[in-house]
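Take a look at the structure set out below.
Note that ligands are numbered from 1 as they come in the structure, with each ligand's atoms numbered from 1 the same way. This structure is a prediction, so every number in the text was calculated from the model and none was measured.
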Amino acid sequence: GLKKKEARILVLGLNNSGKSTLLNQLKNEDSKIISEVVPTVGFNVEKFKNQNVGFTAFDMSGQGRYRELWENYYKDCEGIIFVIDSSDKLRLAVVKDELDLLIQHPDIVAKCIPILFLANKKDLRDGMSSIKIASSLHLERIQDKPWHICTTNALSGEGLQEGIQWLTQQIC
Ligand code: GTP
């Protein structure tokens with residue numbers, strides 16, 4: 001199981017998708033939050049360890065010029081959590097662009113790592129369903145990696161365990 005090995009998980013998503021809230025939900029008494037800020041570029045990297053799983057979160061949005069920074073982490077990661085704000089219809093096209101860049105990246109193409117999509121903010125009234133999000137992002141085209149989508153409320157933690165369980169099963 002998970003306890004036997006270390007796993008490095010990348011948490012990716014646009015700003016405001018809920019990455020920090022999600023990481024806060026996952027933390028427990030034993031875990032350490034390490035926040036790194038690169039002040040010169042104002043680029044935020046959030047790191048978090050839960051048992052043997054290390055989580056590193058990056059904000060993918062609008063910061064194309066910092067892309068090289070988080071791309072460095074692709075080689076070493078063993079799984080990806082891709083967080084989507086399900087209430088943000090306007091930026092779903094931006095999410096798709098970022099997803100395209102991610103899954104076409106040579107370091108990601110080269111490996112068969114699981115991708116967990118979290119359709120977050122399911123509590124909001126205008127939230128899109130996971131089916132709608134999956135079809136908008138054309139997730140069905142991802143055939144060389146296991147992937148899974150579930151809806152979450154990062155504020156309450158609802159849906160999170162199901163997703164994390166799926167991810168750890170894929171890795172271990
Ligand atoms: P950046 O740090 O800008 O990259 O954002 P982030 O992806 O870390 O998002 P963050 O966790 O800061 O959440 C953004 C806002 O959405 C905050 O006001 C959260 O409280 C809120 N939020 C996060 N998850 C949920 C959710 O499931 N439901 C609702 N209603 N609000 C949420």
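Here atom 11 (O) of ligand 1 lies nearest to T21 when heavy atoms of N16, L22, T21 are compared. Comparing K122, K121, R125 against atom 16 (O) of ligand 1, the shortest heavy-atom distance belongs to K121.
Geometrically, ligand 1 and A154 share a nitrogen or oxygen pair separated by less than 3.5 Å.
Comment: R141 engages D100 in a salt bridge, judged by a side-chain N to carboxylate O separation of less than 4.0 angstrom.
The contact set between ligand 1 and L14, taken as ligand atoms under 4.0 Å from a residue heavy atom, comprises 7 (O). Which parts of ligand 1 touch L124 is read off a 4.0 Å heavy-atom cut-off, strictly below it: atoms 30 (N). Listed by number with element, the atoms of ligand 1 under 4.0 angstrom from any heavy atom of S20 are 2 (O), 6 (P), 8 (O), 11 (O).
Contact annotation: L23 has no heavy atom less than 4.0 Å from any atom of ligand 1. Heavy atoms of G13 stay at 4.0 angstrom or farther from ligand 1.
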Checklist line | N24/T21 under side chain to side chain donor-acceptor pair (under 3.5 Å): CA gap, chis, key distance, verdict | finding: CA-CA 5 Å; N24 283 329; T21 311; 5.8 Å; no

Margin query: One pair to check against side chain to side chain donor-acceptor pair (under 3.5 Å): T152 and N120. What are the steps and the verdict?
Written below: CA-CA 5 Å; T152 54; N120 193 36; 3.0 Å; yes

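K132 NZ: 12 or fewer foreign heavy atoms inside a 6.0 Å radius.
Contact annotation for N153 and ligand 1: heavy atoms of both the backbone and the side chain come within less than 4.0 Å of the ligand. Counting heavy atoms closer than 4.0 Å to ligand 1, residue V83 contributes nothing at all.
Relative orientation of the F117 and W147 rings is perpendicular, given thresholds of 30° and 60° on the angle between their planes.
A distance below 6.0 Å separates the ring centres of Y74 and H105.
When each of E162, Q169, Q165, Q170 is tested with H148 by the rule side chain to side chain donor-acceptor pair (under 3.5 Å), just one qualifies, namely E162.
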